[in-house]
Amino acid sequence: MEILIVAAIILFVLSYNKTIDKNKFFADNEKLLELLREEDYSFLVAARYGEDVDADILYSKRISSAIIAFFMVLAFSLGGSTGGLMSSQFFLNLVLSTVVAYFMFKSNYTQLKGYYKKHLHEIDIMLPYYLKSLEILIQHYTVPVALGKSIEDAPEIFKPGLRKLIDRINSGDSSIEPYMEFANTYPVRDSMRMMRLLYRLGLGSQEKKQERLMMFSKTVSSLQNKARETKYKERLGYMESQTMIMLVVTGVGVMLIILIAMMMMFNM
């Protein structure tokens, strides 16, 4: 125990004095540490905090927190242990420390994933309004150019997916796959169908584009109406719940007043 405490103090002092460079450690072990990184981590960070936040910095903090948790749990668990470094108790403590460090490492990702899933309903409502603004741009530009111009005014949560979509198109991918990847990233109502329609808009002659644009416009308008209905139902449900709460509170209040009045009459 004393050895661990002394080692922790020495590590802290060396790190504080820049003798041990934490950034150099991450740079030297970047490939190894990247194996633990989730594929959608950068996207989830951008969706939660915006594109100005550096996902790499947050990831390095996750690694640091996990390492600190590992050594702290190991130090505390060895405090009451009487076995040596080769004892079964030590290996159990090592496993416990590793499990805690893993959960500490994963906790940030789990929170980001939970935030994203929680806000899928909001994405479902926002998507038709974004597609409506995109429809206006498509009337004047090609689909890839319109997508690029739409990014600046798009809802913050769509921007990472849109940038990835544009990057794949600009790299020469003329298939439907970039559009399907965007739909899979935002798996809300009719996202697959809308991305297929959007892909077809970029194909064929100008006449076909006008026909497909009309179909796209009708579908977007239908989605907007559904979004408005959803908002209306949510507001109506909220008002009904508030009314019910008021009625229950009022009823309980009246019953309490009657009960108190009856008790006062019996006591007279």
Quick one: do V143 and Y199 satisfy side chain to side chain contact (heavy atoms under 4.5 Å, CB included)? Show the steps, please.
CA-CA 8 Å; V143 172; Y199 171 71; over 6 Å; no
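- Using modelled atom types, one finds no donor on one side chain facing an acceptor on the other under 3.5 Å when comparing D153 with Y130.
- Side-chain atoms of R62 and S107 form no donor-acceptor pair, as typed in the model, at a separation below 3.5 Å.
- Note on K106 versus E38: salt bridge recorded, some NZ/NE/NH1/NH2 to OD/OE distance being below 4.0 Å.
- Here CE of M104 is found 12.0 Å from OG of S64. Values are rounded to the nearest 0.5 Å.
- In this structure, CG in L162 is found 4.5 Å from CZ in F182, a value given to the nearest 0.5 Å.
- The 12-atom threshold is not exceeded at CZ of F103, counting heavy atoms of other residues, nucleotides or ligands nearer than 6.0 Å.
- Y102 and I67 are assigned to two separate hydrophobic clusters, defined by single-linkage of ILVMFWY side chains at heavy-atom distances under 4.5 Å.
- L58 is listed as a side-chain neighbour of Y41, based on a closest heavy-atom distance under 4.5 Å.
- The CG atom of N184 lies 9.0 Å from the CD atom of E177; values are rounded to the nearest 0.5 Å.
- Here I136 sits alone; no ILVMFWY side chain lies under 4.5 Å from its own, so it joins no hydrophobic cluster.
- A donor-acceptor pair under 3.5 Å links the side-chain atoms of R212 to the main chain of R200, judged by distance alone.
- Salt bridge status for D56 with R37: present, with a side-chain N to carboxylate O gap under 4.0 Å.
- Among all heavy-atom pairs drawn from A101 and A66, the shortest one is CB-O, 3.3 Å.
- The backbone N or O of I157 lies less than 3.5 Å from a partner atom in the side chain of Y186, making a donor-acceptor pair.
- Within the 4.5 Å cutoff, no side-chain heavy atoms of E181 are placed close to those of L165.
- Residues L198 and L134 meet the side-chain proximity criterion, which asks for heavy atoms closer than 4.5 Å.
- When the side chains of ILVMFWY residues are joined at heavy-atom separations under 4.5 Å, either directly or via intervening members, L137 and I166 end up in two distinct hydrophobic clusters.
- Looking at heavy atoms from C-beta onward, Y49 lies in side-chain contact with L112 at the 4.5 angstrom threshold.
- By the 4.5 Å heavy-atom criterion applied to side chains, L131 and M195 are counted as neighbours.
- Taken from CZ in F158 to CG in L127, the straight-line distance is 4.5 Å, to the nearest 0.5 Å.
- Counting non-hydrogen atoms of other residues, nucleotides and ligands closer than 6.0 Å to CE of M192 gives a total above 12.
- Although no hydrogens or angles enter the test, the distance criterion places no donor-acceptor pair under 3.5 Å between the side chain of S217 and the main chain of L213.
- Here the straight-line distance linking atom CG of L201 with atom CD of E135 works out to 9.0 Å at 0.5 Å rounding.
- Using bins of under 30°, 30° to 60° and over 60° for the plane-to-plane angle, the ring pair F105/Y59 lands in the perpendicular bin.
- Looking at I169 and L147, their side chains come closer than 4.5 Å, going by heavy atoms from C-beta outward.
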When you look at V220 and Y129, which way does the side chain to side chain contact (heavy atoms under 4.5 Å, CB included) test go after all the steps?
CA-CA 8 Å; V220 171; Y129 295 95; over 6 Å; no
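- Side-chain atoms of Y141 never come within 3.5 Å of backbone atoms of K149 as a donor-acceptor pair (strictly under, hydrogens ignored).
- In summary, the side chains of D173 and S171 do not present any donor paired with an acceptor at a separation below 3.5 Å, with no hydrogens or angles considered.
- Atoms CE and OG, on M180 and S191 in that order, are 8.0 Å from each other to the nearest 0.5 Å.
- Within 6.0 Å of NZ in K159 there are more than 12 heavy atoms belonging to other residues, nucleotides or ligands.
- Contacts of T142 classified as side-chain contact (heavy atoms from CB on, under 4.5 Å), with partners at least two apart in sequence or in another chain: P144, V145.
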Could you check V45 against D54 for side chain to side chain contact (heavy atoms under 4.5 Å, CB included), going step by step and ending with a plain yes or no?
CA-CA 8 Å; V45 169; D54 193 335; over 6 Å; no
